[in-house]
Amino acid sequence: MKEKIDLLLAQTQAMKADTAAELEALKVKYLGRKGIVQELFQEFKNVPAEEKRETGQRLNELKDAIQTALDALKEQLESTTSQSHNATNDLTLPVDFSDLGARHPLSIVRNQICNIFGNIGYTIAEGPEIEDDWHNFTALNFPLNHPARDMQDTFFIEKDPDIALRTHTSSVQIRTMERNKPPIRSIFPGRVYRNEAISARAHCLFHQVEGLYIDRDVSFADLKQTLYYFAKEMFSSDTKIRLRPSYFPFTEPSAEMDISCNICGGKGCNICKGSGWVEILGCGMVDPNVLENCGIDSAQYTGFAFGMGIERVTMLKYQINDLRLFFENDVRFLKQFEEG
């Protein structure tokens, strides 16, 4: 048996394998369950007792030598394969990023709006999209049977007329004022729902960002300067604003804000209908009734609120003329907003 072991040790030095399949064949031949080494261990049972110690040591040396030789062959094969793979790849070729996605334009503008107001101390608050009547209407100075409720075109839940899809993120303003004491300075981005026919200018689902500032001695001048800062940051440094009297149940006085048309520079075009101005948002001083409904003393605190549609701002910023494009998931449209 010693002669067999010595012969196999000599063969171990001459082992070679050019492929993974050949290497696997060698492993099975020598170390497999029915391989040569296993057969020698079976023969070892018949070795005379006085020779068992020496023969056993030699047999273990053979097994270790075969395993070492197989490991060396495996490492050599892997190294050769790696070098061959690198040789067939031109690392100087440009990388193709054509399959990368892009942020949705509404997400881009939403983030920009949040960053602009975040820079002047506004925090972000969010709330539920399914609201009760108190937070969506009553606390905002919409009494029962008030005609202003008809302005909202609401999606009511049939089984419970007091529950509806929120028509504005003003409901989050109410929740914020109920939970926090002034000073309050927050913005409220989110989806809202109106029961409207879908067209190039209207949709049943859209996105808003509203803002609220409550503190002592807050004035309409503070509101005007805040919105002027926003318009210049969002559009351009030469953007002008104007405020027109309006009506909202939850603010008094109320106004709508226009910006100078960024398409024609205020000269007049089809976007601004020749006026040089484009409406962008509604705003006003928070009605004292709304403050009292939320447990805030209107004799000590005042505040302002504003709200804008993200789709409206995005259409102006990127000169998009059809609201439906935001919801159709047309890759040709979305790829225009890849950040590069």
Side-chain angles (χ1 to χ4, degrees), residues 106-107 109-143 146 148-149 151-152 154 162-194 205-220 222-227 229-230 248-255 257 281-310 313:
L106 295 180
S107 296
V109 172
R110 177 188 186 275
N111 292 339
Q112 290 175 345
I113 295 172
C114 291
N115 290 336
I116 289 171
F117 286 104
N119 290 337
I120 54 175
Y122 282 75
T123 59
I124 297 175
E126 296 182 337
E129 295 182 11
I130 299 177
E131 270 293 7
D132 55 57
D133 181 87
W134 170 258
H135 292 94
N136 197 66
F137 289 119
T138 305
L140 287 161
N141 219 25
F142 288 86
H146 193 283
R149 288 178 181 254
M151 296 165 55
Q152 304 301 312
T154 309
D162 289 332
I163 304 298
L165 297 179
R166 68 183 181 191
T167 58
H168 41 205
T169 54
S170 303
S171 58
V172 192
Q173 294 187 39
I174 298 299
R175 292 181 177 275
T176 300
M177 287 189 282
E178 289 176 336
R179 292 193 301 261
N180 301 279
K181 294 181 179 180
I184 298 170
R185 184 182 295 172
S186 296
I187 57 172
F188 315 96
R191 286 177 295 199
V192 298
Y193 306 85
R194 303 274 178 91
L205 158 68
F206 57 100
H207 301 77
Q208 280 187 336
V209 174
E210 297 194 18
L212 176 70
Y213 179 34
I214 305 291
D215 204 349
R216 298 179 189 272
D217 301 321
V218 176
S219 68
F220 201 95
D222 298 320
L223 168 61
K224 179 180 178 181
Q225 289 303 313
T226 299
L227 297 180
Y229 160 79
F230 164 73
F248 303 108
F250 35 84
T251 54
E252 179 61 38
S254 303
M257 188 181 92
L281 58 82
C283 60
M285 301 300 293
V286 179
D287 192 293
N289 290 337
V290 175
L291 295 176
E292 296 293 341
N293 289 338
C294 298
I296 296 175
D297 187 352
S298 61
Q300 297 188 50
Y301 296 99
T302 55
F304 63 72
F306 57 86
M308 68 191 81
I310 300 179
V313 177

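The structure presented is a predicted model; accordingly, all values stated were derived computationally and were not measured. Throughout, residue positions are numbered sequentially from 1 according to the sequence presented.
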Testing the basics here: between [X] and [Y], what is the closest heavy-atom pair and its distance to 0.1 Å?
| X | Y | answer |
| --- | --- | --- |
| Val209 | Pro189 | CG2-CB, 3.8 Å |
| Arg166 | Ser171 | CD-OG, 4.0 Å |
| Glu210 | Ser170 | OE1-OG, 2.6 Å |
| Thr251 | Ala305 | CG2-CB, 4.4 Å |
| Phe248 | Ala255 | CE1-O, 3.5 Å |
| Pro182 | Ile296 | CG-CG2, 3.9 Å |

Approximate separation, where rounding is to 0.5 Å, of [X] [atom1] and [Y] [atom2]:
| X | Y | atom1 | atom2 | answer |
| --- | --- | --- | --- | --- |
| Asn180 | Arg175 | CG | CZ | 13.0 Å |
| Ile113 | Ile124 | CD1 | CD1 | 11.0 Å |
| Met308 | His207 | CE | NE2 | 15.0 Å |
| Cys114 | Ile310 | SG | CD1 | 7.0 Å |
| Leu140 | Trp134 | CG | CH2 | 9.0 Å |
| Thr138 | Asp133 | OG1 | CG | 3.5 Å |

Over 12 foreign heavy atoms within 6.0 Å of CG, Asp217: no

Got a donor-acceptor contact below 3.5 angstrom from the [X] side chain to the [Y] backbone?
| X | Y | result |
| --- | --- | --- |
| Asn136 | Thr167 | yes |
| Arg194 | His168 | no |
| Gln208 | Thr169 | yes |

Using the side-chain hydrogen bond (donor to acceptor under 3.5 Å, both in side chains) criterion, which residues pair with [X]? Sequence neighbours excluded.
| X | answer |
| --- | --- |
| Arg179 | none |
| Asp215 | none |
| Asp222 | Ser219 |
| Thr176 | none |

Contacts of Glu178 that satisfy salt bridge (Lys or Arg N to Asp or Glu O under 4.0 Å) - sequence neighbours left out: none

Side-chain ion pair, Glu126 and Arg110, N-O less than 4.0 Å: yes

Residues which pass side-chain contact (heavy atoms from CB on, under 4.5 Å) with Ile130, listed by chain and number, not counting sequence neighbours: Ile163, Leu165

Contacts of type side-chain contact (heavy atoms from CB on, under 4.5 Å), residue Thr226, not counting sequence neighbours: Phe117, Ile120, Tyr122, Phe304

Ring pair (Phe, Tyr, Trp, His ring centres under 6.0 Å) partners for [X], two or more places apart:
| X | value |
| --- | --- |
| Phe188 | none |
| Tyr301 | none |
| Phe206 | none |

Summary of salt bridge (charged side-chain N to carboxylate O under 4.0 Å, His left out) pairs that have at least one residue in residues 181-193, sequence neighbours excluded: Glu129-Arg191

Side-chain contact test, heavy atoms from C-beta onward, threshold under 4.5 Å: evaluate it for [X] versus [Y] and give yes or no.
| X | Y | result |
| --- | --- | --- |
| Phe306 | Leu212 | no |
| Ile214 | Pro183 | no |
| Asp132 | Asp162 | no |
| Tyr193 | Thr154 | no |

Can you give each donor-acceptor pair under 3.5 Å made by side-chain atoms of residues 283-294, sequence neighbours left out, with the distance rounded to 0.1 Å?
residue: Asp287; atom: OD1; partner: Asn289; partner atom: N; Å: 2.8
residue: Glu292; atom: OE2; partner: Ser298; partner atom: N; Å: 2.9
residue: Glu292; atom: OE2; partner: Ser298; partner atom: OG; Å: 2.7
residue: Asn293; atom: ND2; partner: Ala139; partner atom: O; Å: 3.1
residue: Asn293; atom: ND2; partner: Asn289; partner atom: O; Å: 3.2

